[in-house]
Amino acid sequence: MKEKRAWAILVVVGLCCVGFIWYQISLQSRVDHTPPKISFPDGALEISVESDTDELLADVTARDDVDGDVTDLLIVEGISAIGEDHTVQVTYAAFDRSGNVAKQQRTVRYTDYQSPHFTLSQPLLFRSGSRFDVFDYVSAEDKIDGSLDGRIKATLVAGDTGITEPGVHEVQFRVTNSMGDTAYLTVPVEVYAAADYNATVELTQPLVYLQTGDVFRAGAYLASFTYGSASVDLGSEASTVDVSIDSDVSTNQAGCYSVSYIVRSGTYTGHTRLIVVVEE
């Protein structure tokens with residue numbers, strides 16, 4: 001009798017084990033292992049640099065074979081560095097409710113993108129013996145990050161002496177925005193002897209950006225000449241003083257150029273310099 005009961009218990013236990021194993025196999029066969037499918041129109045998406053994430057997702061959908069429409073679980077996972085053609089690769093990620101993840105890249109072109117631009121608060125000319133820091137006069141910004149002043153770096157690329165010594169020293173400024181785009185500005189920094197100039201020449205602006213093919217007139221950037229107690233408006237009275245202009249600007253080719261101005265009246269001489277950046 002005891003042997004029959006023991007045998008019955010073993011049979012029941014065995015059947016339970018078989019049933020559990022069958023249940024686990026059946027359950028696993030129903031587990032969702034397929035990620036959603038991400039869809040968007042063919043071709044590059046063209047948007048403004050001021051567009052937000054909603055615009056990047058506006059025409060993107062995601063559908064899962066189990067959960068159906070999971071577009072609400074779409075995210076922008078990342079954006080690559082910008083290329084020369086102002087395009088980036090945007091990576092989308094979509095999740096289903098089983099935790100499966102799908103990823104897909106799309107080309108996005110910024111229609112109004114512009115590389116960072118530099119500005120100068122004054123020409124980079126300094127009297128010998130004076131204390132100066134060129135970073136105090138150089139700024140940079142773009143439409144994506146705004147001010148980039150804290151990211152500006154500089155390298156002395158030409159000049160046998162330190163930048164504070166008399167002479168003309170070529171300095172390259174560079175700045176990189178959050179899109180990985182690096183802009184360069186290579187300019188002369190001039191330190192002149194105190195006895196060289198005793199008058200002041202003002203420009204309408206110390207740094208100007210032009211496009212290739214633009215018309216450039218060096219004299220149009222002269223504003224005023226101050227000497228002794230007199231001041232001349234160079235825009236309307238330039239004929240009363242002697243103006244010498246030395247320019248290497250060519251708007252036929254992209255690059256960074258310099259224009260040197262020397263203005264004289266009697267025993268008074270002033271000097272300044274305009275930086276011209278020509279972009280394609």
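Because only heavy atoms are used, hydrogens play no part in the values below, and waters and symmetry mates are left out as well, while side chains stay in.
Listed by first and then second residue, the side chain to side chain donor-acceptor pair (under 3.5 Å) pairs that reach into residues 195-209 come to none, sequence neighbours excluded. The list of salt bridge (charged side-chain N to carboxylate O under 4.0 Å, His left out) pairs with a residue in residues 75-90, not counting sequence neighbours, reads E77-K103.
Between E279 and H117, the side chains place a donor N or O and an acceptor N or O closer than 3.5 Å (distance only, hydrogens not considered). Between the side chains of E190 and H271, at least one donor N or O sits under 3.5 Å from an acceptor N or O. Side chains of D214 and T251: a donor-acceptor N/O pair is absent below 3.5 angstrom, by distance only. Side-chain atoms of T91 and Q105 form a donor-acceptor pair, as typed in the model, at a separation below 3.5 Å. With 3.5 Å as the limit, one finds a donor-acceptor pair spanning the side chains of N100 and D96. Side-chain atoms of S48 and D112 include a donor-acceptor pair closer than 3.5 Å.
Within the 6.0 Å centre-distance limit, the rings of F225 and Y227 are counted as a close aromatic pair.
Looking at D248, its side chain does come within 3.5 Å of a backbone N or O of S258 through a donor-acceptor pair. The closest donor-acceptor contact from the side chain of S247 to the backbone of V249 lies under 3.5 Å. Put simply, the side chain of T71 never gets that close to the backbone of T61: no donor and acceptor are under 3.5 Å apart.
Partners of A140 by side-chain contact (heavy atoms from CB on, under 4.5 Å), not counting sequence neighbours, listed by chain and number: F118, L148, I152, V175. Listed by chain and residue number, F126, R127, F132 satisfy the side-chain contact (heavy atoms from CB on, under 4.5 Å) test with S130 (two or more places apart in sequence, or in another chain). Q253 is linked by a side-chain contact (heavy atoms from CB on, under 4.5 Å) to Y257, counting only residues two or more places apart in sequence or in another chain.
Counting all heavy atoms, side chain and backbone alike, V187 lies closest to L185 at CG1-CG, 3.6 Å. Across every non-hydrogen atom of F135 and A154, the tightest pair is CZ-CB, 3.6 Å. Here the closest heavy-atom approach between residue E46 and residue T111 is recorded as CB-CG2, 3.7 Å. For the residue pair R273 and P123, the shortest heavy atom distance occurs at O-CB, 3.6 Å.
Side chains of V171 and V134 form no contact here, defined as non-hydrogen atoms less than 4.5 Å apart. Residues I245 and S260 have side chains not in contact (no heavy-atom distance under 4.5 Å, counting atoms from C-beta outward). With a 4.5 Å cut-off on side-chain heavy atoms, R63 and K37 do not count as touching. Residues V277 and L207 are in side-chain contact: their nearest non-hydrogen atoms beyond the backbone lie under 4.5 Å apart. In this structure, V201 and V243 have side chains that are not in contact, with every pair of non-hydrogen atoms separated by 4.5 Å or more. Using a 4.5 Å cut-off on side-chain heavy atoms (C-beta onward), V259 and V276 make contact. Contact of the R106 side chain with the D59 side chain is registered, since non-hydrogen atoms from C-beta on lie closer than 4.5 Å. Looking at heavy atoms from C-beta onward, P188 lies in side-chain contact with I275 at the 4.5 angstrom threshold.
Cluster partners of V76 are I38, F40, L45, I47, V49, L56, L57, V60, L74, I79, I82, V88, V90, Y92, V108, Y110, Y113, I144, M179, counting Ile, Leu, Val, Met, Phe, Trp and Tyr whose side-chain heavy atoms approach within less than 4.5 Å, directly or via other members.
Salt-bridge annotation for D145 and R151: present, with a side-chain N of the basic residue lying under 4.0 Å from a carboxylate O of the acidic one.
Heavy atoms of other residues, nucleotides or ligands lying less than 6.0 angstrom from CD of Q211 number more than 12.
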